[in-house]
Amino acid sequence: MKATLFIAIACFTGLAFIDNTEIKTIEIGTKCPMPDVKMKGIDNTMKSLSEFKAGNGLLVVFSCNTCPFVIGNGSDSEGWDGRYNAVYDKATAAKVGMVLVNSNHGKRGAGDGLEDMQARAKEKGFKMPYVLDEESALANAFGAKTTPHVFLFDKNMKLVYRGAIDDNVKSSAGVKDNYLETALESLSKGKKIKNNDTKPVGCSIKRAVK
């Protein structure tokens, strides 16, 4: 009952399971958009996606500090950002760089500003860089829809996986299909990723209004 109520409230406020059908997500095989555009990170330095790339590629995760699908919802759901460090470890083992991107321009003054990002990263002990996407430019170029929404690129910076981290936001212990981990393992072994396109689940990215 609690979970149903949570989803209903989230949908009413525009937070959950948004299809965003008007947004076209980049296709598998597409070269990474905007690889050399500098973005400000929580360490106050300006860096581009290409600078985060490792030998076998780059993992880009659109995230935020306010969505319950990211940060959790108390006892009802643990959220996904508590798994980010485990994902980072898997990516590092696969020789893949990783970066979190905050594109929630519409909530910069309500929990998704740079200082909020710094605080969240410190609280969760994030191992990976976390950058601010000014005016949602990167999210628009990628066609990113939700927080989280993940994009995995190979060593040539071509997209090989897009979608969700796994199949259970409520509990890591309840995960039956670890999409991203499997994709990373396949990439590291030079194998084709069989399930390379899953549905991202989360809050809609609060884009800049033009």
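Keep in mind the model is a prediction, meaning the values are calculated, not measured.
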Subject >> CG on L187 to NZ on K192, rounded to 0.5 Å >> reply: 14.0 Å
**OP:** Check the pair F52, V131 against side chain to side chain contact (heavy atoms under 4.5 Å, CB included), reporting the backbone distance first and the verdict last.
**Re:** CA-CA 11 Å; F52 298 124; V131 300; 4.0 Å; yes
Subject >> For T146 against P200, the heavy-atom pair lying closest together >> reply: OG1-CB, 3.3 Å
Subject >> Electrostatic pair D167-K176, nearest N-O below 4.0 angstrom >> reply: no
Original post:
Do C203 and C67 have their SG atoms less than 2.5 Å apart?
Top reply: yes
**OP:** Kindly compute the distance separating SG (C32) from CG (L49), expressed to the nearest 0.5 Å.
**Re:** 5.0 Å
Subject >> Where P148 and V61 come nearest, the two heavy atoms and their spacing >> reply: CB-CG1, 4.2 Å
**OP:** Determine whether more than 12 heavy atoms belonging to other residues, nucleotides or ligands lie under 6.0 Å from atom NZ of K155.
**Re:** no
Original post:
Any side-chain donor paired with an acceptor under 3.5 Å for T198 and Y161?
Top reply: yes
Original post:
Taking a hydrophobic cluster as the set of Ile, Leu, Val, Met, Phe, Trp and Tyr residues connected by side-chain heavy atoms closer than 4.5 Å, whether directly or through intermediates, do V175 and L59 fall within one such cluster?
Top reply: no
**OP:** Apply side chain to side chain contact (heavy atoms under 4.5 Å, CB included) to I205 and F62, showing your working.
**Re:** CA-CA 9 Å; I205 292 175; F62 287 87; 4.3 Å; yes
Original post:
Are side-chain heavy atoms of V101 and V60 found at a separation under 4.5 Å?
Top reply: yes
**OP:** Dump the intermediate steps for side chain to side chain contact (heavy atoms under 4.5 Å, CB included) on L138 and M39, then the final yes or no.
**Re:** CA-CA 10 Å; L138 195 70; M39 293 173 285; 4.0 Å; yes
Original post:
Has the side chain of K127 got a donor or acceptor atom that lies under 3.5 Å from a matching backbone atom of A86?
Top reply: no
**OP:** Compare every heavy atom of G174 with every heavy atom of N168, then report the nearest pair and how far apart it is.
**Re:** ND2-O, 3.2 Å
Original post:
Could you walk me through whether C64 and V70 pass the side chain to side chain contact (heavy atoms under 4.5 Å, CB included) check?
Top reply: CA-CA 7 Å; C64 69; V70 175; 4.2 Å; yes
Original post:
Out of curiosity, M128 CE to Y84 OH, how far, rounded to the nearest 0.5 Å?
Top reply: 8.5 Å
**OP:** Check whether M157 and I28 end up in the same hydrophobic cluster, where Ile, Leu, Val, Met, Phe, Trp and Tyr are linked by side-chain heavy atoms less than 4.5 Å apart.
**Re:** yes
Original post:
Are any side-chain N or O atoms of T25 and backbone N or O atoms of G143, one a donor and one an acceptor, separated by less than 3.5 Å?
Top reply: yes
**OP:** Please determine if D81 and R120 form a salt bridge, counting it only when a charged side-chain N lies under 4.0 Å from a carboxylate O.
**Re:** yes
Original post:
Is a side-chain N or O of K206 found less than 3.5 angstrom from the main chain of S204, in a donor-acceptor match?
Top reply: yes
Original post:
For the atom pair CE (M98) and CG (L184), what is the distance rounded to the nearest 0.5 Å?
Top reply: 9.0 Å
Original post:
Backbone N or O of K158 within a donor-acceptor pair of the N156 side chain at under 3.5 Å?
Top reply: no
Subject >> Heavy-atom closest contact (K170 atom, S77 atom, distance) >> reply: CA-OG, 3.5 Å
Original post:
Applying the 4.5 Å side-chain criterion to the ILVMFWY set and letting contacts propagate, would F126 and L114 be lumped into a single cluster?
Top reply: yes
Subject >> Side-chain donor or acceptor of N104 paired with backbone N/O of D112 under 3.5 Å >> reply: no
Original post:
Which of parallel (below 30°), tilted (30 to 60°) and perpendicular (above 60°) describes F142 and F153?
Top reply: perpendicular
Subject >> Polar side-chain atom of T182 near backbone of N178 as donor-acceptor pair, under 3.5 Å >> reply: yes
**OP:** Any chance you could measure L100, atom CG, to D133, atom CG, to the nearest 0.5 Å?
**Re:** 13.0 Å
Subject >> Candidates D154, V87, L152 - the one meeting side chain to side chain contact (heavy atoms under 4.5 Å, CB included) with V96 >> reply: L152
Original post:
Which heavy atom in S48 sits nearest to a heavy atom in P35, and how many Å separate them?
Top reply: CB-O, 3.3 Å
Original post:
So, does N73 use its side chain to make a donor-acceptor pair with the main chain of D76 at under 3.5 Å?
Top reply: no
Original post:
For the side chain of S188 and the backbone of E185, is there at least one donor-acceptor N/O pair under 3.5 Å apart?
Top reply: yes
Original post:
If you round to the nearest 0.5 Å, how far is CG of N56 from OG1 of T92?
Top reply: 11.5 Å
Original post:
Pick one: which of I42, T66, N65, D116 meets side chain to side chain contact (heavy atoms under 4.5 Å, CB included) with N102?
Top reply: N65
Original post:
For residues 48-69, which residue pairs qualify under salt bridge (charged side-chain N to carboxylate O under 4.0 Å, His left out), counting only residues two or more places apart or in two chains?
Top reply: K38-E51
**OP:** Apply side chain to side chain donor-acceptor pair (under 3.5 Å) to D36 and list each qualifying residue two or more places apart in sequence or on a separate chain.
**Re:** S50
Original post:
Considering residues at least two apart in sequence or located in another chain, which fulfil the side chain to side chain donor-acceptor pair (under 3.5 Å) criterion with N85?
Top reply: none
Original post:
Which heavy atom of F69 sits nearest a heavy atom of V169, and at what distance?
Top reply: O-CG2, 3.5 Å
Original post:
Salt bridge between E27 and R162, side-chain N to carboxylate O under 4.0 Å?
Top reply: yes
**OP:** Before accepting this row, confirm whether a basic side-chain N of the pair E78/R83 lies closer than 4.0 Å to the acidic partner's carboxylate O.
**Re:** yes
